[in-house]
Each structure stands twice: as C-alpha cells, then as structure tokens.
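All of these numbers come straight from a predicted model, not from anything done at the bench.
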Amino acid sequence: MNGAHDLGGAMGFGPVEPEPEDVRFHADWEPLVLALTLAAARPGGWSIDESRHARESLPPPVYLTLTYYEIWLAATEKLLVTHGLVGADELDAGRPLRPRADAPAALDADAAARVLATGAPTERDDTGPPRFAPGDRVRARVMHPRGHTRLPRYVRGRCGTVETHRGTHVLPDARAHGHGECPEPLYTVVFTGPELWGPDADPTTTVSVDAWESYLEPA
C-alpha cells in the first residue's frame, strides 16, 4: 500500500541527516521497545513482513508525528491486539484484564541469542529460470496495491537496468498477509536520477532498488 513511509523523492520534509553508524538509540526506553518487538513475534507468530506492514500501514497523521521507535511500539501494540494476545482495553488500562492467552514458552537469554544469530533467511530454491538477466532494461510496474509491497512509489512506471539477479526469495507482499511464501526471483535494479526526477536531477545520481520479478516488466 502507499503508506506514509514511502517518502522517497517527496519534497517538504527537509534534508536527510545521516547519523553515525554506531548510534542505535536516542532514549533509554528505545532498547526495551526493540526487545519487546522481537520477543513478541514468538507468541504472536508473525513474520518480519507482517511486522513491517504493521508499521507502514499506520495512519499517516500517526506515522508522520511519531519517532522511529514510537512507530515500532505502535505497530507492536497493533499486532498484539490483532493476534489476540492483548485486548485494546488492556492496552488502555495498562494491565491485564483477562487470563493470559496460551503462548509458547519464552526463550531464555542463550536461546534468544541463538535464534537472533540464525536469523530468518528468505532465499528459496529456484522455481524456474529468471525472466530477466543483468543488463536487461526493465520498467517498474505502475500499481497501487491495497496490501504490502516493497516497490517504492517513486520508481513505478520508471525504467532501469537490472544490475544483479539475487536468487529466489520469499515475496513479502504475500507473506505479510499470511498468503504463503510465493517465492520469486529478486533483482537489484538501478535507476538514474533524471529518470526518476526529471532533467533537473543530478545526472550522476543513481538509485538501486531490490525488486521482485512481479514488480517488473520489459522496457
């Protein structure tokens, strides 16, 4: 969906101000939100795609006024309610109002470290030959899906060049909504600044986008 997060190329939000790579948090409560988000996924059973969609589908007036980890917390609360682990009235009350729902046992610290180190690989066996190869010219499809997508709005309808075929990966558009993995070939596609933003753009600018095969068509 075209959420408030999809701001690439939008004007009026000021310059991007990169921060040092070693700065992870800006307030003492933020590590707790990160830990809560990761820990809640085990009893909740949601995927990273569903979690990302929960953040990106927050109403724009909410999304655009929250800080980064406030967005994470709002999305985690939304998922907890959606999956029946917490009631909306319990969130309002700040305490349990009903017996705890059945859930898998919590991981201890060692097990949590092993799970996080293992990660959740998304690469799958090829389902057939890829449609595109490095060097091919492609056009990002124009689409306005109601659900989740990883295709940025600012590249839709624009032409780019396939730089790399990255194998076959789980399609986030499907898994975010519980529709299975639906693996597809994944490519890195390079777009020029003038192609995306017109002749006034810096001609040396390029933007690389990871795009699933169903996002693309021959140019």
Verdict with supporting geometry, D89 and R98, side chain to side chain contact (heavy atoms under 4.5 Å, CB included): CA-CA 10 Å; D89 54 345; R98 290 174 287 279; 2.9 Å; yes
Looking only at atom types and distance, does a side-chain atom of [X] sit under 3.5 Å from a main-chain N or O of [Y], one as donor and one as acceptor?
{"X": "E77", "Y": "L91", "value": "no"}
{"X": "D136", "Y": "A133", "value": "yes"}
{"X": "E184", "Y": "S214", "value": "yes"}
{"X": "Y69", "Y": "V33", "value": "no"}

Between L64 and F13, does the side chain to side chain contact (heavy atoms under 4.5 Å, CB included) criterion hold? Intermediate values first, please. CA-CA 10 Å; L64 294 174; F13 290 90; 4.3 Å; yes
Using the rule that Ile, Leu, Val, Met, Phe, Trp and Tyr join whenever any side-chain heavy atoms are under 4.5 Å apart, tell me whether [X] and [Y] fall into a single cluster.
{"X": "F25", "Y": "L32", "result": "no"}
{"X": "L7", "Y": "L196", "result": "no"}
{"X": "V138", "Y": "V190", "result": "no"}
{"X": "V23", "Y": "I71", "result": "no"}
{"X": "M143", "Y": "F191", "result": "yes"}

Side-chain contact, heavy-atom cut-off 4.5 Å: [X] with [Y]?
{"X": "L73", "Y": "L66", "value": "no"}
{"X": "R156", "Y": "T149", "value": "yes"}
{"X": "V209", "Y": "P152", "value": "yes"}

Quick one: [atom1] on [X] to [atom2] on [Y], what's the gap to the nearest 0.5 Å?
{"X": "D210", "Y": "L151", "atom1": "CG", "atom2": "CG", "result": "11.5 Å"}
{"X": "R137", "Y": "F132", "atom1": "CZ", "atom2": "CZ", "result": "12.5 Å"}
{"X": "L216", "Y": "R131", "atom1": "CG", "atom2": "CZ", "result": "8.5 Å"}
{"X": "K78", "Y": "L58", "atom1": "NZ", "atom2": "CG", "result": "5.5 Å"}
{"X": "L79", "Y": "W46", "atom1": "CG", "atom2": "CH2", "result": "5.0 Å"}

Apart from V142 itself, what residues make up its hydrophobic cluster when side-chain heavy atoms of I, L, V, M, F, W and Y under 4.5 Å apart count as a link, directly or indirectly?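 Besides V142, the cluster holds no residue at all.
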Quick check: closest heavy atoms across [X] and [Y], and the distance to 0.1 Å?
{"X": "A174", "Y": "C182", "result": "CB-SG, 3.7 Å"}
{"X": "C159", "Y": "E195", "result": "N-OE2, 2.8 Å"}
{"X": "V81", "Y": "G87", "result": "CG2-C, 4.2 Å"}
{"X": "P194", "Y": "A201", "result": "N-CB, 3.8 Å"}

Yes or no on side chain to side chain contact (heavy atoms under 4.5 Å, CB included) for R158 and W197, after CA distance, side-chain angles and deciding distance? CA-CA 10 Å; R158 305 299 183 181; W197 296 298; over 6 Å; no
Qualifying salt bridge (Lys or Arg N to Asp or Glu O under 4.0 Å) pairs, either residue in residues 49-68, two or more places apart: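 Non-adjacent pairs meeting salt bridge (Lys or Arg N to Asp or Glu O under 4.0 Å): D49-R52, D49-R175, E56-R150.
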Side chains of T76 and T37: do they bring a donor and an acceptor to under 3.5 Å?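 Side-chain D/A pair, T76 to T37: present.
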Please say whether more than 12 non-hydrogen atoms of neighbouring residues, nucleotides or ligands are located less than 6.0 Å from [atom1] in [X].
{"X": "I48", "atom1": "CD1", "answer": "no"}
{"X": "D125", "atom1": "CG", "answer": "no"}
{"X": "D28", "atom1": "CG", "answer": "no"}

Classify the ring geometry between H165 and Y187 as parallel (under 30°), tilted (30 to 60°) or perpendicular (over 60°). tilted
Anything under 30° is parallel, anything over 60° is perpendicular, the rest tilted; go ahead and classify Y215 against W212. perpendicular
Evaluate R124 against V170 for side chain to side chain contact (heavy atoms under 4.5 Å, CB included), listing each step before the verdict. CA-CA 7 Å; R124 298 291 183 267; V170 173; 3.7 Å; yes
Going by the side-chain hydrogen bond (donor to acceptor under 3.5 Å, both in side chains) test, which pairs reach into residues 139-148, not counting sequence neighbours? N2-H144
